[in-house]
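Notes for the one structure printed next.
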Amino acid sequence: MLRGLYSCEYGIGDAVGRSVMYADAGKLLGGNSGFAHTGTYQVVDGEIVAEIITERHNFDPNYQPLLGKDIATLHARGSESDGVVRFKGSTEAIPGAGFWSVMTPIDDRIVPAPVARRDGDIVNGLYSIHIRALDSIDGGLSGIMLLHDGRILGGDAFFYYLGSYTCADGRWKGEIVNQEHTPARGQVPVFGGHEVGIGFSGRYDAKGAELQATALAGKRSLQLSAVLKLIEPA
């Protein structure tokens, strides 16, 4: 009933936000450029009952908390219709205010099947990712990324990431396709309006990873660096 990668639009009061969310086997993992979302769900009498914790991972003051706090918990109930999941709920952070969310599935079939895990592989889990454009180009992204048995799923308020990786002995490499789920032209100058292919390599340890990458955005070839920090093991 609730499984796979979704783009999410949600709101409470007059505030509206967007993110991506991955759901599988009762767990929810997702977020956007400023906040990570982790939680659980279960089906009760045909209704999806979820609890989600939203927590800041990016301390740039431009990213303000939708719920007025850097850490807050949401309680929501919803149902699926034609693949779209709609929730309504509440939070103790804003007593009496109604929360709503619409989750729309993202086609993630290009992501390969999981591979067998080995000792010393990069930790499966939800990571924050902060991407910086090099070569004196003004641009970059932050978001969240789920790494799990060779698969990459993630995104932010405008984009979603799909890809794969291999790793061994503290080094990893892979490929990512960065695509829009919400139009970003004018909002993210380097990436907005483009499907971006990214090849990368770098190092990892138990707390996170770093990478150097080449991205093809339209007719431009960009050099990028990124830092990943583990938020929630999975």
Side-chain angles (χ1 to χ4, degrees), residues 5-22 28-39 52-74 91-94 97 99-104 106 126-146 152-161 176 178-196 198 200 207-213 215 217-218 220 222-232:
L5 186 65
Y6 295 80
S7 63
C8 306
E9 186 174 12
Y10 45 83
I12 190 165
D14 295 329
V16 177
R18 293 185 305 273
S19 67
V20 294
M21 184 73 79
Y22 183 75
L28 296 167
L29 297 167
N32 54 31
S33 295
F35 293 82
H37 308 323
T38 60
I52 301 167
I53 297 172
T54 177
E55 182 172 359
R56 181 184 288 275
H57 70 76
N58 186 342
F59 289 88
D60 184 331
N62 290 316
Y63 297 107
Q64 293 297 310
L66 186 77
L67 304 181
K69 296 182 177 181
D70 283 353
I71 303 176
T73 301
L74 284 160
T91 174
E92 292 88 349
I94 310 178
F99 170 82
W100 60 267
S101 174
V102 178
M103 296 174 58
T104 303
I106 291 171
L126 182 69
Y127 291 75
S128 65
I129 180 169
H130 296 261
I131 303 170
R132 183 169 63 93
L134 304 178
D135 299 330
S136 301
I137 296 174
D138 183 17
L141 291 173
S142 65
I144 58 89
M145 186 171 283
L146 177 65
I152 297 173
L153 299 149
D156 58 28
F158 295 101
F159 302 101
Y160 63 93
Y161 319 142
I176 304 168
N178 179 91
Q179 301 183 71
E180 292 180 337
H181 61 74
T182 299
R185 190 180 295 276
Q187 299 288 332
V188 186
V190 172
F191 299 96
H194 301 289
E195 176 179 309
V196 182
I198 302 171
F200 71 86
K207 296 181 179 179
E210 57 82 23
L211 59 86
Q212 303 294 318
R220 304 178 71 180
L222 306 173
Q223 300 302 307
L224 309 173
S225 68
V227 175
L228 288 82
K229 294 183 179 180
L230 181 64
I231 297 171
E232 179 84 5

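Remark: Tyr22 OH to Ile144 CD1 distance equals 12.0 Å, nearest 0.5 Å. Residue Leu67 holds its CG atom at 7.5 Å from CZ of Phe99, rounded to the nearest 0.5 Å.
For the residue pair Ser33 and Tyr63, the shortest heavy atom distance occurs at CB-CE2, 3.5 Å. Looking at every heavy atom in both residues, Val20 comes nearest to Cys8 through C-SG, 4.3 Å. Shown here for Asn58 and Ser142, the closest heavy-atom pair between the two residues is ND2-OG, 3.2 Å. The two atoms that bring Ile231 and Ser128 nearest to each other are CD1-N, 3.4 Å, heavy atoms only. When every heavy atom of Ala93 is checked against every heavy atom of Ala72, the shortest pair comes out as CB-CB, 4.0 Å.
Remark: His130 engages His57 in a ring pair (Phe, Tyr, Trp, His ring centres under 6.0 Å) (not counting sequence neighbours). Shown here are the side chain to side chain contact (heavy atoms under 4.5 Å, CB included) partners of Ala213, two or more places apart in sequence or in another chain: Ile198, Phe200, Leu211, Leu224. The side chain to side chain contact (heavy atoms under 4.5 Å, CB included) check on Glu232 picks up Leu29, Thr38, Leu126, with sequence neighbours excluded. Shown here are the side chain to side chain donor-acceptor pair (under 3.5 Å) partners of Thr54, two or more places apart in sequence or in another chain: His37. Partners of Glu92 according to the side chain to side chain donor-acceptor pair (under 3.5 Å) rule, which considers only residues two or more places apart in sequence or in another chain, are His75. Qualifying side chain to side chain contact (heavy atoms under 4.5 Å, CB included) partners for Asp70, counting only residues two or more places apart in sequence or in other chains: Phe35, Arg56, Phe59, Pro65.
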Donor-acceptor list for residues 9-18 side chains, cut-off 3.5 Å, not counting sequence neighbours:
{"from": "Tyr10", "atom 1": "OH", "to": "Arg18", "atom 2": "O", "distance (Å)": "3.2"}
{"from": "Tyr10", "atom 1": "OH", "to": "Asn32", "atom 2": "ND2", "distance (Å)": "3.1"}
{"from": "Arg18", "atom 1": "NE", "to": "Ala157", "atom 2": "O", "distance (Å)": "2.9"}

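Side-chain atoms of Thr73 do not come within 3.5 Å of backbone N or O of Ile53 as any donor-acceptor pair.
When side chains are defined from C-beta on, Tyr160 does not count as touching Ser7, because their heavy atoms never get closer than 4.5 Å. The shortest side-chain heavy-atom distance between Met145 and Ile176 falls under the 4.5 Å cut-off.
Remark: the Asn62 side chain and the Asp60 side chain contain an N/O donor-acceptor pair separated by less than 3.5 Å.
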| task | Please step through side-chain contact (heavy atoms from CB on, under 4.5 Å) for the pair Leu146 and Leu5, ending with a clear verdict. | result | CA-CA 10 Å; Leu146 177 65; Leu5 186 65; over 6 Å; no

| For Lys207 and Leu230, what are the C-alpha separation, side-chain angles and deciding distance, and is it a side-chain contact (heavy atoms from CB on, under 4.5 Å)? | CA-CA 6 Å; Lys207 296 181 179 179; Leu230 181 64; 5.7 Å; no

